[in-house]
There are 2 protein chains.
Amino acid sequence: MPGRTAQNEGATTATRILDVAEGLLQTRGYNGFSYADIASELDVTKAALHYHFPTKADLGEALVTRYAERFMKALAAIEAGDDDPRAKLDAYADLYAQVLQGRRMCMCGMLAAEYQTLPEPMRARVLAFFDENVVWLERVLERGRVGGVLAFRGSAAEAAMLIVDAMEGTMLVSRSYADPARFRSVAGGLLDGLVGGRPDAAPTGS
Amino acid sequence: MPGRTAQNEGATTATRILDVAEGLLQTRGYNGFSYADIASELDVTKAALHYHFPTKADLGEALVTRYAERFMKALAAIEAGDDDPRAKLDAYADLYAQVLQGRRMCMCGMLAAEYQTLPEPMRARVLAFFDENVVWLERVLERGRVGGVLAFRGSAAEAAMLIVDAMEGTMLVSRSYADPARFRSVAGGLLDGLVGGRPDAAPTGS
DNA sequence: GTCTATAACGAGATAGAC
DNA sequence: GTCTATCTCGTTATAGAC
């Protein structure tokens, strides 16, 4: 990739703005960065940013829309693979683990914290992201149960919500410790305990 | 309680400031409220607030310190009870459920999202809060396992981290949906699946 | 301990030249 | 499409009277 810089020189300006703003949003939150921050990283003026994204609400909506679309494509890619259901769940957890690199939080988890301060269009996108995650997981879980390779208590919908919420939560906490290994340990332990798919290790000590 | 108002007229001014600021912090985040917001709710001037808490960092540190102390006292109260370990875990989840009323997020979960923008003293308090939660849970889990009433995979430390992280995560997501029932369902499902303590319902479909 | 007043700065946003 | 310049407002914080 010749000529590429940290700000992705080969891309359109709008895309480069989104790339920088995305990093700031996932690191500092929607209320934790300004147009001035983006401008200084890209070495352009604030006015130029307002040409591409007139208001911060416009920018925020574009950011969460792009993020959600990219995430759904990644889910579709996992879906298309020929792995077994447990491997799909591991791949799902790995999506979050990748985001956690560079001390980034899941964008929608971050926005969930700031939910009460968000413009309405952003709120709707955040909830849609969680809904779509739950639907995807529900399908994987249900198929795994029908196929006899996954076993879990309760409904697939409840298990799916638990997985989404636990991913967001352990990401949130592990990021504060700057410890991606903590995330991997907790996420792996959740999947082991929830759906099995491995030789059932006898609980120790009893 | 005669003479009490929503702003707790009977308390000292510093306490009333903390009460209002606490609600704002847990609802909107540290970067989502200002001294002007507190002043308008209490009907005092911003200057009066700065007398009690010179800087916002001072206020933030006082808030997280008070919150953590109160939470640890609640944990000690559960510890002192003669309930069985599973009941203690349910009581633990109920602490979070109570916070979620009024659309509030756990203060330290909220601050974990904003971690990168926090002054160092606040950061340390947030991590200490999580550490103390894990230590408390670890003890409950270990005693339950030794006593034969709890069974879970892996180490007590890993299970404790999973519980803390999942509580924070499901709180974060459920609050966006304004749906405390969602929290209760997911938190209950986690404890059922993780530690049992109930008749082992056979997984369906396999 | 609380007030008025204001300083000092940064945020989001716009006008108009180039 | 990007710039300079500017505007308005909100935010944190301080000085000094009461």
Side-chain angles (χ1 to χ4, degrees), chain A residues 3 5 7-25 27-64 110-111 114 116-123, chain B residues 3 5 7-25 27-64 110-111 114 116-123:
Chain A
T5 71
Q7 287 79 40
N8 193 11
E9 249 178 35
T12 66
T13 302
T15 300
R16 295 200 301 145
I17 293 169
L18 288 173
D19 290 343
V20 169
E22 182 175 86
L24 288 165
L25 174 49
T27 305
R28 303 177 53 87
Y30 183 73
N31 296 321
F33 77 95
S34 71
Y35 272 45
D37 296 326
I38 308 168
S40 78
E41 274 200 51
L42 281 176
D43 214 38
V44 296
T45 62
K46 289 188 292 170
L49 305 180
H50 279 287
Y51 170 77
H52 294 280
F53 302 97
T55 71
K56 197 180 178 186
D58 293 327
L59 174 61
E61 201 182 335
L63 284 169
V64 62
M110 182 67 89
L111 293 176
E114 301 177 291
Q116 305 275 38
T117 72
L118 298 182
E120 173 52 34
M122 291 184 72
R123 292 186 180 187
Chain B
T5 71
Q7 285 80 41
N8 193 12
E9 247 178 36
T12 67
T13 301
T15 299
R16 295 199 302 145
I17 293 168
L18 288 173
D19 290 343
V20 169
E22 181 174 86
L24 288 165
L25 174 47
T27 304
R28 304 176 53 88
Y30 184 72
N31 296 321
F33 77 95
S34 70
Y35 272 45
D37 296 326
I38 308 169
S40 77
E41 274 199 51
L42 280 177
D43 214 39
V44 296
T45 63
K46 291 184 291 171
L49 304 181
H50 279 287
Y51 169 79
H52 295 278
F53 302 98
T55 72
K56 197 179 178 184
D58 294 327
L59 174 60
E61 200 182 336
L63 284 169
V64 63
M110 182 67 90
L111 293 175
E114 301 178 289
Q116 304 275 39
T117 72
L118 298 182
E120 174 52 34
M122 290 185 71
R123 291 186 181 188

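To find a chain, count down the sequence lines: A is the first, B the second, and so on, and within it residues start at 1.
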**Study point:** Presence of A:T45 side-chain N/O under 4.0 Å of D:dT4 phosphate oxygens OP1/OP2
**Key:** no
Check your understanding: So does B:Y51 get a side-chain nitrogen or oxygen closer than 4.0 Å to the phosphate oxygens (OP1/OP2) of C:dG1?
Key -> yes
Does [X] have any side-chain hydrogen bond (donor to acceptor under 3.5 Å, both in side chains) partners at least two apart in sequence or in another chain, and if so, which?
X      : result
B:T117 : B:N31
B:E22  : B:R66, B:R70
A:T15  : A:T12

Review point. Where the side chain of A:R123 meets the backbone of A:Q116, is there a donor-acceptor pair that is under 3.5 Å apart?
Key: yes
Starting from [atom2] on [N], measure out to [atom1] on [X] and report it in whole angstrom.
X     : N      : atom1 : atom2 : result
B:L24 : D:dT11 : CG    : C1'   : 15 Å
B:D43 : C:dT2  : CG    : P     : 12 Å
B:I38 : D:dA13 : CD1   : P     : 11 Å
B:F53 : C:dT2  : CZ    : P     : 12 Å
B:L49 : C:dT4  : CG    : C1'   : 15 Å
A:N31 : D:dG10 : CG    : C1'   : 13 Å

**Study point:** side-chain hydrogen bond (donor to acceptor under 3.5 Å, both in side chains) contacts in which one or both residues fall within residues 49-62 of chain B, not counting sequence neighbours
**Key:**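 Output for this query lists B:T55-B:D58.
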Can you give the donor-acceptor pairs under 3.5 Å from side chains of residues 36-43 of chain B to other protein atoms, not counting sequence neighbours?
{"unit_1": "B:D37", "atom_1": "OD2", "unit_2": "B:S34", "atom_2": "N", "d": "2.9"}
{"unit_1": "B:D37", "atom_1": "OD2", "unit_2": "B:S34", "atom_2": "OG", "d": "3.4"}
{"unit_1": "B:S40", "atom_1": "OG", "unit_2": "B:D37", "atom_2": "O", "d": "3.1"}

Pick out the pairs of N or O atoms, protein on one side and nucleotides 9-12 of chain C on the other, that lie under 3.5 Å.
{"unit_1": "C:dA11", "atom_1": "OP1", "unit_2": "A:S34", "atom_2": "OG", "d": "3.3"}
{"unit_1": "C:dG12", "atom_1": "OP1", "unit_2": "A:K56", "atom_2": "NZ", "d": "3.1"}
{"unit_1": "C:dG12", "atom_1": "OP2", "unit_2": "A:Y35", "atom_2": "N", "d": "2.9"}
{"unit_1": "C:dG12", "atom_1": "O6", "unit_2": "A:K46", "atom_2": "NZ", "d": "3.3"}

